[in-house]
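Below is the structure I would like to discuss, written out as structure tokens.
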Amino acid sequence: MQTLKISLVQGDTRWHDAAANRAYYGHLVRSLAGQDSDLVILPETFLSGFTNDTLRQAEGMDGEGVRWLRELAAEVGAVVTGSVVIREEDRNYNRLLWMRPDGQCTQYDKRHLFRMAGEHERYAMGGARPIVELQGWRVLPQVCYDLRFPVWLRNRRLESATGGMDYDLLLFVANWPEPRRHAWRMLLRARAIENLACVAAVNRVGRDGNGLDYAGDSAVLDALGQPLVELGRSAQVVTIKLDPAPLLAHRARFPAWMDADDFSLVD
């Protein structure tokens, strides 16, 4: 594992305006020129805002948004990730795209759909739980409401891996409204502590077309749940270096994973 340079892009997503969001987030990401980021994280549904208007906002994997993301990752020489609304075989997905600078893409379809906003009525549920690797770090990418489901996120015992764990970094992209700000902050800390893993999370700011306000609170946390960086309410781009040594040292002196229960997930 090498030092991982992560850039959090906390933005005020334009409502239902993909072209404006490509220009807006493109400008924010390009502001990182010269920082040599390994990973750039955008919010959930960064091309549209969190919407149930899938008829007009969804696009295919061959659409303009995915092409733009591929070109942007190549331009900045980093993995760029965030979620977009994708239509595939007459189904809509809240799909996180892990876009590498060589154009290769890993996708994760949001597993837990936020029924309080009707997301489960407009989107199909994902089933796969991919783990991607970057600079020797194993990363579990997730989307917003997934944060509330610790069984799905449980870091599993993997004695053959460095540090004995399934993953090293838990990543969230989100549109998490301000009224539930306390839950966002507390659950991020809980997921880091219980999984002996670092956490990187990017939430949006501003107000969306549904009149919901977002407080940001994007952060990177260590495996003790302590913030290494926390963003406030404003749109901003922050880069942090994540050193693997403290993580591995914590796992070595506090190997709680060795006492974890074995289990399997069944759909």
Side-chain angles (χ1 to χ4, degrees), residues 4 6 8 10 39 41 43-44 50 81 83 94 96 108 110-117 119 125-126 129-132 137-158 161 163-205 214-233 238 240 242-244 246-265:
L4 185 64
I6 301 174
L8 310 179
Q10 179 173 278
L39 173 60
I41 310 175
E44 178 187 21
F50 185 68
T81 191
S83 86
N94 188 340
L96 179 144
Y108 165 68
K110 187 176 181 180
R111 169 77 170 186
H112 301 94
L113 304 176
F114 191 61
R115 68 177 55 248
M116 283 67 81
E119 188 180 18
M125 181 179 71
R129 184 180 178 269
I131 292 175
V132 290
W137 291 72
R138 288 154 300 148
V139 183
L140 179 63
Q142 298 286 295
V143 180
C144 203
Y145 190 45
D146 289 325
L147 176 60
R148 289 184 178 269
F149 298 90
V151 174
W152 175 248
L153 302 174
R154 185 65 173 155
N155 208 347
R156 300 161 189 179
R157 182 169 177 168
L158 191 65
M165 307 295 289
D166 195 17
Y167 62 82
D168 308 300
L169 175 65
L170 182 54
L171 182 152
F172 294 97
V173 302
N175 276 215
W176 195 286
E178 183 174 10
R180 292 184 290 278
R181 181 184 186 194
H182 178 71
W184 165 259
R185 290 166 54 83
M186 293 302 103
L187 291 173
L188 288 176
R189 285 154 174 75
R191 299 294 89 87
I193 293 166
E194 70 194 7
N195 290 302
L196 285 80
C198 296
V199 171
V202 171
N203 189 27
R204 65 160 292 177
V205 295
Y214 299 86
D217 292 318
S218 301
V220 176
L221 310 175
D222 67 15
L224 293 168
Q226 299 288 349
L228 302 175
V229 64
E230 285 186 293
L231 280 58
R233 295 173 174 270
V238 173
I240 183 173
L242 200 54
D243 182 356
L247 170 64
L248 297 178
H250 175 57
R251 287 177 173 176
R253 67 175 173 264
F254 194 79
W257 60 270
M258 297 182 70
D259 301 314
D261 303 299
D262 290 328
F263 67 93
S264 59
L265 292 173

Partners meeting side chain to side chain contact (heavy atoms under 4.5 Å, CB included) with Pro244 (sequence neighbours left out) | Met1, Thr3, Trp137
Check the pair Leu187, Phe172 against side-chain contact (heavy atoms from CB on, under 4.5 Å), reporting the backbone distance first and the verdict last.
-> CA-CA 11 Å; Leu187 291 173; Phe172 294 97; over 6 Å; no
Should Asn195 and Arg154 count as side-chain neighbours, where that means a heavy-atom distance under 4.5 Å?
-> yes
So, Tyr167 side chain and Leu153 main chain: donor-acceptor pair closer than 3.5 Å or not?
-> yes
Answer with yes or no whether the side chains of Tyr108 and Asp146 bring together a donor and an acceptor at under 3.5 Å.
-> yes
Atom CG of Asp166 and atom CZ of Arg129: how far apart are they, to the nearest 0.5 Å?
-> 5.0 Å
For Ala215, which residues count as a side chain to side chain contact (heavy atoms under 4.5 Å, CB included) partner, sequence neighbours excluded?
-> Glu178, Arg181, Asp217, Arg233
Can any side-chain N or O of Glu119 pair as donor or acceptor with the backbone N or O of Leu113 at less than 3.5 Å?
-> no
The single option from Thr81, Ile6, Val220 passing side chain to side chain contact (heavy atoms under 4.5 Å, CB included) against Leu171 = Thr81
Tell me, please, which residues at least two apart from Glu194 pass salt bridge (charged side-chain N to carboxylate O under 4.0 Å, His left out).
-> Arg191
Flag the pair Pro43 / Val173 as yes when at least one side-chain heavy-atom distance between them is below 4.5 Å, and no otherwise.
-> no
Looking at CZ of Arg251 and CH2 of Trp257, how far apart are the two atoms once the value is rounded to the nearest 0.5 Å?
-> 9.5 Å
Mind checking side chain to side chain contact (heavy atoms under 4.5 Å, CB included) for Asp222 and listing every partner two or more places apart, or none if nothing turns up?
-> Leu224, Gln226, Leu228
Leu231: what forms a side chain to side chain contact (heavy atoms under 4.5 Å, CB included) with it, not counting sequence neighbours?
-> Leu8, Gln10, Ser218, Val229, Gln236, Val238
Donor-acceptor contact below 3.5 Å, side chain Asn94 vs main chain Lys110 | no
From Trp152 CH2 over to Arg111 CZ, what is the distance, rounded to the nearest 0.5 angstrom?
-> 4.5 Å
Over all atoms of both residues, closest heavy-atom pair of Pro255 and Arg253 | CD-C, 3.5 Å
Measure the acute angle between the ring planes of Tyr145 and Phe149, then classify it against the limits of 30° and 60° as parallel, tilted or perpendicular.
-> perpendicular
For residues 196-205, dump all side-chain donor-acceptor pairs below 3.5 Å to protein atoms at least two apart in sequence or in another chain.
from   : atom 1 : to     : atom 2 : distance (Å)
Asn203 : OD1    : Trp176 : N      : 2.7
Asn203 : ND2    : Trp176 : O      : 3.1
Asn203 : ND2    : Gly216 : O      : 3.0
Arg204 : NH2    : Asp12  : OD1    : 2.9
Arg204 : NH2    : Thr13  : O      : 3.3

Rounded to the nearest 0.5 Å, how far apart are CD1 of Ile131 and CG of Leu170?
-> 10.0 Å
Drop me the distance from Arg148's CZ to His112's NE2, to the nearest 0.5 angstrom.
-> 12.0 Å
Gap separating the CE atom of Met165 from the CZ atom of Arg138, nearest 0.5 angstrom | 8.5 Å
